[in-house]
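First comes the structure, then the notes that go with it.
So that the names make sense, note that chain A is the first sequence line, chain B the second, and so on, each numbered from 1. These numbers were taken from a predicted model, which means no experiment stands behind them.
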2 protein chains.
Amino acid sequence: MIKKNSPVPIYHQLEEYIKQQIENGLLMEEAVIPSEREYAQTFQISRMTVRQAINNLVSEGYLKRQKGRGTFVNKKKIEQELQGMTSFTEDMLSRGMSPSSTLLSFQIIPADKKTATHLRMEENDFVYKIKRIRLADDAPMALETAYIPVELVPGLTEENSNLSLYRYIEEHLSLSISEATQEIEASIASSPDAEALGINIGDPILLIERISYLENEVPFELVKSTFRADRYRFVHTMKR
Amino acid sequence: MIKKNSPVPIYHQLEEYIKQQIENGLLMEEAVIPSEREYAQTFQISRMTVRQAINNLVSEGYLKRQKGRGTFVNKKKIEQELQGMTSFTEDMLSRGMSPSSTLLSFQIIPADKKTATHLRMEENDFVYKIKRIRLADDAPMALETAYIPVELVPGLTEENSNLSLYRYIEEHLSLSISEATQEIEASIASSPDAEALGINIGDPILLIERISYLENEVPFELVKSTFRADRYRFVHTMKR
DNA sequence: GTGGAATAGTTGTCTATACCAGTTGTATAT
DNA sequence: ATATACAACTGGTATAGACAACTATTCCAC
């Protein structure tokens with residue numbers, strides 16, 4: 001399971017191993033994991049190396065330590081992630097609602113100047129433009145338009161764009177999103193917005209514009225969302 | 001400088017020492033700090049102990065490491081903090097505007113049920129209720145009402161409430177704010193809001209409700225703000 | 001029963017050492 | 001002048017062992 005002569009450090013291998021065990025349900029939530037000495041023994045590695053792996057998982061929020069007792073699996077990662085970047089799907093799930101979406105259009109178009117700037121690409125380079133209605137418990141909640149550079153995700157189709165895009169990226173491109181900026185603005189529904197969302201012209205709406213970045217600080221997607229203000233409030237938690 | 005037989009761990013002493021050096025300007029921004037081996041030598045401690053201290057400061061954002069080059073002091077902590085919790089003052093400064101405020105009222109009242117719940121106190125316990133108009137470049141930007149438990153900050157007066165409240169707390173009570181939750185909502189201006197902000201009834205406004213928590217997870221203040229949507233967008237950055 | 005000591009298990013701190021892997025500047029060879 | 005090689009630094013990974021601090025359990029004396 002752990003390769004000693006691998007270029008990838010032992011502590012990192014152990015991290016991945018423990019994460020795997022958690023995801024596969026072999027280490028249950030709130031349960032103790034094997035002790036540091038036990039890991040050291042079974043994998044024939046030093047206890048300090050085990051500590052390095054566990055320390056990283058602790059600071060990533062997977063585990064928590066308790067002196068004299070042991071090290072425990074934390075509650076679901078999802079619950080923590082919503083202290084910030086959340087996809088619509090996760091957001092709604094965390095509120096106890098059932099999310100769904102309807103694809104309105106799926107296009108590949110040249111980027112206009114503003115979009116190109118945000119996504120740090122050349123004007124007229126191609127982007128996917130994906131429009132959706134987002135529903136929660138089958139009631140319209142938001143209109144969403146996403147722009148994604150074609151170059152970054154060549155294989156995107158109408159079908160797989162329907163799954164969680166983030167998951168698609170992490171699994172197929174082995175990249176993950178590390179940062180996002182959001183701008184939130186209040187406005188008033190125009191005629192097409194009102195019609196799509198089933199509200200009246202002049203009703204308040206919440207505009208959210210998010211840019212997500214990959215690990216290498218490359219901007220990955222620009223999402224403009226229009227939320228019904230009567231049904232949606234934006235919630236977030238900040239630490240430190 | 002470092003006491004070996006102290007109950008406080010050596011790595012923690014070293015952390016405090018390095019933080020001090022940074023705050024006193026003895027270690028400049030972007031400059032290299034002494035190497036791990038150097039610290040170990042001068043304080044006669046193990047290099048691994050030095051690493052433990054530096055690791056903590058790295059994960060707290062004070063330092064960054066670069067293999068082969070050295071360890072460097074990060075840019076100001078303030079600049080990082082505004083990727084999240086921001087007071088109005090810091091927020092406006094970061095946008096290049098000049099913030100000011102006018103005190104509308106300063107009361108001590110018994111908390112109603114909802115406020116008491118948010119601040120985790122008993123109904124009818126006393127709270128400060130502080131109403132202000134917030135200005136940016138002398139133009140009205142927001143209406144703000146803050147509720148703070150009297151018990152937590154006994155000495156608050158009209159005068160010192162005018163300074164940055166956060167600074168007051170950190171300096172006089174040596175407590176600091178570690179976490180905050182915000183809820184952001186779009187709405188439309190009612191008559192008194194419109195009048196105070198100099199806009200029309202029915203114009204869009206952004207409602208922000210923030211609860212700040214001290215290190216010990218005690219809720220410290222509840223702030224309800226009403227922003228002019230034509231002048232203010234809420235911006236924030238999320239990492240990981 | 002209650003309190004307290006002994007014990008065995010946990011994580012926490014710390015040392016001393018070794019070698020690996022990047023970076024940089026300098027000396028040398030061409 | 002321009003490469004190339006080397007040396008001397010940096011942080012990164014890993015080992016083995018020691019003792020401290022804390023928790024839970026067991027057992028014994030009262």
Test item: [X] side-chain N/O and [Y] main-chain N/O as donor-acceptor pair under 3.5 Å:
X	Y	result
B/K19	B/Y62	no
A/K4	A/Q44	yes
B/N74	B/G61	yes
B/Q13	B/K3	yes
A/D137	A/S98	yes
B/T117	B/K113	yes

Give the angle between the helix axes at the two ends of the helix from C/dG1-D/dC30 to C/dT30-D/dA1, taking five base pairs at each end and rounding to 10°.
10°
Pairs under 3.5 Å (N/O, protein and nucleotides 6-9 of chain C):
unit_1, atom_1, unit_2, atom_2, d
C/dG9, N2, A/G68, O, 3.1

With the side chain counted from C-beta on, respond yes when B/I208 and B/F234 share a heavy-atom pair under 4.5 Å apart, and no when they do not.
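Answer yes - side chains close enough.
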Can you check whether B/E144 reaches B/V223 side chain to side chain, under 4.5 Å on heavy atoms?
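They are in side-chain contact.
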[X] [atom1] - [N] [atom2] separation (whole Å):
X	N	atom1	atom2	answer
A/N55	D/dA14	CG	C1'	15 Å
B/R51	D/dA14	CZ	C1'	11 Å
B/I33	D/dG11	CD1	C1'	11 Å
A/R65	D/dA21	CZ	C1'	14 Å
A/I2	D/dA14	CD1	C1'	14 Å
A/L63	C/dG12	CG	P	12 Å
A/Q66	D/dT23	CD	C1'	10 Å
B/N56	C/dG12	CG	P	12 Å

Please report whether the ring centroid of A/F106 lies less than 6.0 Å from that of A/Y128.
yes
Going by atom types only, do A/Y147 and A/D112 share a side-chain donor-acceptor pair under 3.5 Å?
no
Sub-4.0 Å heavy-atom contacts from residues 10-22 of chain A onto DNA chain C, ordered by number
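Those residues whose heavy atoms fall under 4.0 Å from DNA chain C, taken from residues 10-22 of chain A, amount to none.
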Which residues within residues 42-49 of chain A lie with some heavy atom under 4.0 Å of an atom in DNA chain C?
A/R47, A/M48
Under 4.0 Å, counting only non-hydrogen atoms across every strand here, what does B/K4 touch: a base, just sugar-phosphate, or nothing?
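Here B/K4 touches the backbone only, sparing every base.
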Side chain of A/P9, heavy atoms from C-beta onward: which of C/dT11, D/dA14, D/dG12 has the nearest atom to it?
D/dA14
Which nucleotide, D/dG12, C/dT11, D/dT13, lies nearest any side-chain atom of B/K67?
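Side chain of B/K67 sits closest to D/dG12.
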Check the phosphate of C/dT11 against A/T71, side-chain N and O only, distance under 4.0 Å to OP1 or OP2. Yes or no?
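True: A/T71 side-chain N/O within range (under 4.0 Å) of C/dT11 OP1/OP2.
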Under-3.5 Å donor-acceptor pair between A/R37 side chain and C/dT11 base:
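Yes, a donor-acceptor pair under 3.5 Å.
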Tell me the ring-ring contact (aromatic ring centres under 6.0 Å, His included) pairs involving residues 14-43 of chain B, sequence neighbours left out?
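Pairs touching residues 14-43 of chain B that pass the test: B/Y17-B/F43.
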Are A/I148 and A/V127 close enough, and set up right, to give a side chain to side chain contact (heavy atoms under 4.5 Å, CB included), and what steps lead you there?
CA-CA 5 Å; A/I148 304 168; A/V127 292; over 6 Å; no
Decide if atom CD of A/Q41 counts as having more than 12 heavy atoms of other residues, nucleotides or ligands within a radius under 6.0 Å.
no
With DNA chain D as reference, determine whether B/E36 or A/S6 sits nearer its 5' end, using the nearest nucleotide of each.
B/E36
Among all residues two or more places apart in sequence or in another chain, which pass the ring-ring contact (aromatic ring centres under 6.0 Å, His included) test with B/F126?
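ring-ring contact (aromatic ring centres under 6.0 Å, His included) list for B/F126, sorted by chain: empty.
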